[in-house]
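The structure appears below as C-alpha cells.
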Amino acid sequence: MEEFALYNFESGFPGKQEFTIGKYRISVNDKQSKNIEKLKNNGGRKHSINIDGEAYTRKIDTKPGEVVETATLHVPKEDIKSSTIYRKGLERTSIDDFILFLSFATGRNVFLEGDLDGENSLCYFTRIIKRDFFFFNSIDLDIAFQKLKDSSLTNQFYNIVTAGRTNDLLALSFYVNSIINSIYDKWCRKNKKSVYDNRMIDMNEVKEQIKDSTKDILSKLGAEYDFISEFIQKRVRIDDSLPAIEKLKSFLIAHDLYPEDDDEDSYKKLRWVTLVRNKVVHNGSLYTDFRGLELDDEHKEEINVGITFLLYDIARYYFAKEIFKIDQELISITPQDIKQFFTKGSYRNMNVFDEKYTDFLVRSEKEWGELVKNGQV
C-alpha cells in the first residue's frame, strides 16, 4: 500500500474521518483535521438570528491561510498506473490525475508534497460537489478519465482546475472561454450541430442562381458574360457552418441549461455572453457596450464578472454531470440555476443586469429580515 500526504484538501466535514472513491482511500487524523482550520477562508457575509430572535447579518473576514497537510491518500501499489490526463514525458501517474479531480471537486487546489514549491496558489472558488459527496459517491474515475481522453478534453479539464488558481478576471476569462469553446465545439461536431441543415440551403442551387443573375446583368452591358459569370461563381463561398452563438445555444439546450422556446430577451442575454467572450479572446479587454441598459463602469465590470463565473460554472457542471457522472443531487449547481440567468437575468440570487453587488447585499439582508420577521425560517 502506497501512502501520499495531501495538502490543502477539505472534504467538507470536520473531524477525524475516512472514505473511499473507487480504489482511492482517504483518511484524516486528528492533527490533519485541526490543520484544516489553517486553510484560507474567503470570508463573506452570513445571515443569522440572535438570541432575541432578531435577524442580523454577520461579516466574516478573509483569512489568508497557508498550505498544510490535511489528509492521507492510500492506494495499492499495483493500482498506480501512468497518467491518462497529462501528456507523456512528464512522469505523472494516475495519482496526479486523482489530485486534479480532488481540486476540481472541492474548489481548492490540492497538492502532493512533491508539488509544494512555496508559491502554491491558495485562491479557491465554490465547490462543485456538495458536502456529503465523499461519503455517498458511486463514480468510476478510471472510466471518467478515459472518457476525458477519448473526448479530447484532457487539456480542458486541466485548464478548468488551473483557472481556479487565478484571481485575475481577464486571466480567468481567457481560461473559461477557451474551455467552453472547446466543449461546445466538440459536442456540436459529434452531434452534427455544427452546420446548417442541408435541406435549408442548397449550395449548388444558390451558385446557379448567382450565375444566372450575373449573366443577365453582364449581357446588358455587352460583356463576355460566360467567362465572367463562371469566374464569379467559382469564387463564391457560402459558409454553411453555424455561428458560435447558435452552436452554444444548441449545446445549452441539449443539457437543459437554456430555454428551448426562448424569447428575444433570453436570446439577447445569450448574445451578450458571446460578445463578452469575443471581446476578451480577441481584444484582451472587457465588454462595455450593453445597449439599452444605463450602467456605470463599475456595473459593466460586474456584469463581465457575472458572465465569466456563469461560463465557469457551465464548464464545471458539464464535467461533473457528463464526464464524471456525479449524481445530480450531489452537484452544487443545478440546470435551473444557469437557466435563470437567461430567463430572468439572475445568477446566484443576484439580478446581474438590474443591480450592483452593493445593492444585492442590501436587498438580501432586507429579504432575510423579512423572512425572520414573518416566521418563515
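Below, all heavy atoms of this structure are taken into account, side chains as well, without hydrogens, waters or symmetry copies. The shown structure was predicted, so the numbers you read here are calculated from the model rather than taken from an experiment.
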(request) Any chance you could lay out the side-chain contact (heavy atoms from CB on, under 4.5 Å) test for W187 and S250, step after step, and finish with the verdict? (result) CA-CA 9 Å; W187 181 88; S250 294; 4.2 Å; yes

(request) Using the side chain to side chain donor-acceptor pair (under 3.5 Å) rule, take R277 and N177 through it: C-alpha gap first, then chi angles, then the decisive distance, then the call. (result) CA-CA 6 Å; R277 177 257 179 201; N177 282 293; 4.9 Å; no

(message) Evaluate L148 against I85 for side-chain contact (heavy atoms from CB on, under 4.5 Å), listing each step before the verdict.
(response) CA-CA 8 Å; L148 277 175; I85 295 177; 4.1 Å; yes

(message) Run the side-chain contact (heavy atoms from CB on, under 4.5 Å) test on I331 and I326 for me, step by step, so that the C-alpha distance in whole Å, both residues' side-chain angles and the decisive distance to 0.1 Å come before the verdict.
(response) CA-CA 7 Å; I331 302 176; I326 299 175; 3.8 Å; yes

(request) Before giving the answer on side-chain contact (heavy atoms from CB on, under 4.5 Å), spell out for I179 and N155 the whole-Å C-alpha distance, their side-chain angles and the decisive distance to 0.1 Å. (result) CA-CA 9 Å; I179 294 165; N155 287 339; over 6 Å; no

(request) Check the pair F251, Y258 against ring pair (Phe, Tyr, Trp, His ring centres under 6.0 Å), reporting the backbone distance first and the verdict last. (result) CA-CA 9 Å; F251 169 81; Y258 183 85; over 10 Å; no

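Among all heavy-atom pairs drawn from I128 and Y317, the shortest one is CD1-N, 4.1 Å. The minimum heavy-atom distance between S103 and V110, with the atom names listed, is OG-N, 2.9 Å. Of all heavy-atom pairs spanning A5 and E69, the tightest one is CB-CD, 3.8 Å. Here the closest heavy-atom approach between residue Q17 and residue F19 is recorded as OE1-CE2, 3.6 Å. Of all non-hydrogen atoms in V68 and N35, the two that sit nearest each other are CG2-O, 3.4 Å. In terms of heavy atoms, Q156 sits closest to S182 at NE2-OG, 3.2 Å.
Between the side chain of S33 and the backbone N or O of G15 there is at least one donor-acceptor pair closer than 3.5 Å. When atom types are taken as modelled, the side chain of Y24 and the backbone of I26 share no donor-acceptor pair closer than 3.5 angstrom. Using modelled atom types, one side-chain atom of D359 and one backbone atom of K356 make a donor-acceptor pair closer than 3.5 Å. A donor-acceptor pair is defined here as one N or O able to donate and one able to accept, closer than 3.5 Å; no such pair exists between the side chain of D97 and the backbone of S83. Put simply, the side chain of D168 gets close to the backbone of A171: a donor and an acceptor are under 3.5 Å apart. For the pair S178 (side chain) and F174 (backbone), a donor-acceptor distance under 3.5 Å is present. Panel note: side chain D96, backbone T93; a donor-acceptor pair is recorded below 3.5 Å. No donor-acceptor pair closer than 3.5 Å links the side chain of E302 to the backbone N or O of F353. The backbone N or O of G22 lies less than 3.5 Å from no partner atom in the side chain of T20, so there is not a single donor-acceptor pair. Panel note: side chain E301, backbone D297; no donor-acceptor pair is recorded below 3.5 Å.
A 4.5 Å side-chain heavy-atom check between D337 and R348 finds every atom pair outside the cut-off. With a 4.5 Å cut-off on side-chain heavy atoms, F4 and I99 do not count as touching. Contact check for R316 versus I160: side-chain heavy atoms found under the 4.5 Å cut-off. Two residues are said to be in side-chain contact when any heavy atoms from C-beta on lie closer than 4.5 Å; Y267 and I245 meet this criterion. Between K186 and S152, some side-chain heavy-atom pair lies under the 4.5 Å cut-off. The closest side-chain heavy-atom distance from F342 to V273 is below 4.5 Å. Looking at heavy atoms from C-beta onward, F135 lies in side-chain contact with F13 at the 4.5 angstrom threshold. When side chains are defined from C-beta on, N351 does not count as touching K344, because their heavy atoms never get closer than 4.5 Å.
Residues D140 and K325 are not paired through a salt bridge, judged by the lack of any N-O separation under 4.0 Å between the basic side chain and the carboxylate. Salt-bridge annotation for D150 and K147: absent, with no side-chain N of the basic residue lying under 4.0 Å from a carboxylate O of the acidic one. Salt bridge R363/E355: present, at least one basic N to carboxylate O contact under 4.0 Å. The pair K269-D265 counts as a salt bridge, with a side-chain nitrogen and a carboxylate oxygen less than 4.0 angstrom apart. In summary, D79 and K81 do not engage in a salt bridge, as defined by a charged side-chain N under 4.0 Å from a carboxylate O. Salt bridge absent: K300 and D296 never bring a charged side-chain N and a carboxylate O closer than 4.0 Å. A salt bridge links R108 to E10: one of the charged nitrogens lies within less than 4.0 Å of a carboxylate oxygen.
Rounded to the nearest 0.5 angstrom, S11 OG and E18 CD are separated by 12.5 Å. With rounding to the nearest 0.5 Å, the separation of CG in L286 from OG in S173 is 7.5 Å. Atom CG of residue N283 and atom CG of residue L170 lie 11.0 Å apart, to the nearest 0.5 angstrom. Residue L100 holds its CG atom at 12.0 Å from CD1 of I95, rounded to the nearest 0.5 Å. Rounding to the nearest 0.5 angstrom, the gap separating the CD atom in Q32 from the OH atom in Y7 is 9.5 Å. Residue Q146 holds its CD atom at 9.5 Å from OG of S151, rounded to the nearest 0.5 Å.
Within the hydrophobic cluster formed by Ile, Leu, Val, Met, Phe, Trp and Tyr side chains joined at under 4.5 Å, directly or through other members, V28 stands alone, with no partner residue.
The number of heavy-atom neighbours closer than 6.0 Å to CD of E260, taken from other residues, nucleotides and ligands shown, is 12 or below. Residue N349 places its CG atom among 12 or fewer non-hydrogen atoms of other residues, nucleotides or ligands, all under 6.0 Å distant. Heavy atoms from other residues, nucleotides or ligands lying under 6.0 Å from CD of E91 number 12 at most. More than 12 heavy atoms of other residues, nucleotides or ligands shown are found within 6.0 angstrom of CD on E329.
Of the residues listed (T288, V352, V276, T308), the one engaging I303 in a side-chain contact (heavy atoms from CB on, under 4.5 Å) is V352, and it is the only one. Here the options are V176, N181, L172, the test is side-chain contact (heavy atoms from CB on, under 4.5 Å), and the partner is L311; only V176 passes. Under the side-chain contact (heavy atoms from CB on, under 4.5 Å) rule, P259 has a single partner from L257, D261, D262, which is D262. With Y86 as reference, Y158 is the one residue of F157, F98, Y158 to meet the ring pair (Phe, Tyr, Trp, His ring centres under 6.0 Å) rule.
Ring geometry for F133 against F101 counts as tilted: the plane angle lies between 30° and 60°, on a 0 to 90° scale.
Ring centroids of Y312 and Y175 are separated by 6.0 Å or more, keeping the two rings apart. Ring pair F9/F111: centre-to-centre distance not below 6.0 Å. Ring-centre distance between W272 and F290: below the 6.0 Å cut-off.
With sequence neighbours left out, the side chain to side chain donor-acceptor pair (under 3.5 Å) criterion links E3 to H74.
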